[in-house]
Amino acid sequence: MKIILKSICKSYAGKEVIRDLSFTFEEGKPVVIEGESGIGKTTLLKILMGLEKPDSGEVLFDEVQQEKVRFAPVFQETRLIESLDAVSNVKLAAHSVSEERIEEELKALIPEDELHKKVCDLSGGTRRRVEIVRAVMSPSDVLIMDEPLTGLDDKTEDKVIAYINNNINGRLFIASSHNKRLCAGAHSLVLQ
Amino acid sequence: MKSTAIRKLLIIAVWLLLWQAASIIIDNNILLAGPYEALLALFRLASTPDFWMSVLMTVLKITSGFLIGLILGILSACMSYRFRLFKEIITPPVSVIKSIPVASFVILVIIWAGAPSLSIVISALVVFPMIYLNFLAGLESTDIKLIETGRLFRMRFTDKARYIYLPSAAPHLRSAVSISCGMAFKSGIAAEVIGRPLQSLGAGIYLSKISLATDDLFAWTFCAVLLSFLFEKAMSYVLRRLILR
């Protein structure tokens with residue numbers, strides 16, 4: 001599968017955030033979007049998922065219609081159901097997967113005794129990891145991660161990077177990150 | 001906690017004493033019957049099967065009207081949230097229902113449907129706009145970020161309803177139910193006083209008016225207040241158990 005960006009432009013309140021961007025994302029070619037804060041990385045990811053519309057230009061989906069593309073996002077800010085535990089949050093996005101399997105996956109990144117705590121009682125870093133597992137376990141065509149390593153210490157960062165790399169499973173992988181190690185062999189898309 | 005309850009009881013006792021004192025000073029049961037006379041009247045009324053039948057019929061009718069208003073309000077709010085055109089179509093009638101005086105509706109319903117179903121229709125008409133507007137406001141205040149997340153992850157409809165929309169709409173629904181329970185009883189009984197359907201609490205109030213029996217009026221009124229209170233508690237409990245957990 002391919003996602004082709006053709007001359008994308010986007011402005012907010014007269015300030016141009018993305019100017020004439022053309023790029024092709026392809027399966028098997030992970031891409032890490034780089035650039036200074038506020039340069040438009042998050043906006044670009046939202047445009048890709050259809051959450052924002054470009055002012056001009058096109059987002060083309062090769063082989064499938066945009067509505068049929070299944071995205072699995074990790075947003076910059078936490079977007080979990082606060083009243084549910086980690087397992088239930090993942091289950092909502094991966095309802096065909098058994099709870100036992102979800103627990104096993106979560107154990108790779110978060111301590112066992114936190115699996116059944118409400119996510120509102122978890123630390124920011126742990127919630128981030130729950131979101132990463134949720135995205136990875138969700139049946140999807142495109143994995144999109146916006147700064148997935150934010151708030152993680154070096155040791156956890158290594159674990160998360162290994163987990164992500166082992167679980168892309170042929171999906172299109174697009175991320176924004178300041179950390180160049182995020183995805184082995186990833187192509188860079190530098191926004192300026 | 002215990003001292004608060006005692007304080008409340010004492011305050012009520014003071015007001016009852018003042019009421020009794022006023023009725024003794026006025027010394028005219030037609031103008032002002034005291035709490036003692038009202039209590040006696042309540043016991044007298046409660047010893048007749050007609051009283052219980054009136055209470056039962058009023059409760060059944062107002063409950064039916066309330067439930068009709070509640071269900072229609074929730075369904076219409078969901079439709080308005082989902083379909084913009086539906087919202088545009090339903091907004092004028094909701095505004096009209098909300099602002100027309102209950103008395104006008106009572107006359108219309110008596111002409112169209114007759115007195116027996118009067119309190120059902122009036123309670124439903126009073127409850128519907130309150131539930132509709134509040135539930136819709138709750139749905140519209142749902143966190144857009146969670147809605148996007150649910151859509152992208154293709155969450156099931158029931159999961160989205162339960163974990164994304166309901167937590168946002170529930171507080172609005174809870175306060176609307178609490179207010180509309182009292183309103184349903186007040187307007188339902190007021191309608192019965194005007195329409196006087198047989199075997200109804202409103203007809204009892206009307207009879208006490210034409211016979212100038214203030215003690216009976218207070219007894220019926222106490223009954224209406226108690227029923228409204230119990231109804232609100234029961235509805236809050238049922239809603240909490242069913243959907244607001």
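Chain identifiers are assigned alphabetically (A, B, ...) following the order of the sequence lines, protein sequences preceding nucleic acid strands; residue numbering begins at 1 within each chain.
Judged purely by atom type and a 3.5 angstrom limit, A/Arg79 has no side-chain atom pairing as donor or acceptor with the backbone of B/Leu146.
The distance from atom CE of B/Met155 to atom NZ of A/Lys91, rounded to the nearest 0.5 Å, is 13.0 Å. Atom CD of A/Glu82 and atom CG of B/Asp143 lie 10.0 Å apart (nearest 0.5 Å). Between atom NZ of residue B/Lys160 and atom CG of residue A/Leu92 there is a gap of 11.5 Å, rounded to the nearest 0.5 Å.
Crowding of A/Arg70 atom CZ: a count of heavy atoms from other residues, nucleotides or ligands under 6.0 Å exceeding 12. More than 12 heavy atoms of other residues, nucleotides or ligands sit less than 6.0 Å from atom NZ of A/Lys107. Atom CD of A/Glu36 sits in a sparse spot, with 12 or fewer heavy atoms from other residues, nucleotides or ligands closer than 6.0 Å. Within a 6.0 Å radius of CD in A/Glu112, other residues, nucleotides and ligands contribute 12 heavy atoms or fewer. Heavy-atom contacts from other residues, nucleotides or ligands closer than 6.0 Å to CZ of B/Phe229 number 12 or fewer. Atom OH of A/Tyr163 has more than 12 neighbouring heavy atoms from other residues, nucleotides or ligands inside a 6.0 Å radius.
For the pair B/Leu152 and A/Leu51, the minimum side-chain heavy-atom distance is below 4.5 Å.
Of all heavy-atom pairs between B/Tyr163 and A/Ile81, the closest is O-CD1, 3.8 Å. Residue B/Arg154 comes nearest to A/Val69 through the heavy atom pair NH2-O, 3.1 Å, listed as atom of the first residue, atom of the second, then distance. Minimum heavy-atom separation, A/Ser138 to B/Phe153: OG-CD2, 3.5 Å.
Using a 4.5 Å cut-off between heavy atoms, A/Leu80 contacts chain B through its backbone alone, with no side-chain atom that close. If you measure heavy-atom distances from A/Glu77 to chain B, the contacts under 4.5 Å come from the side chain alone.
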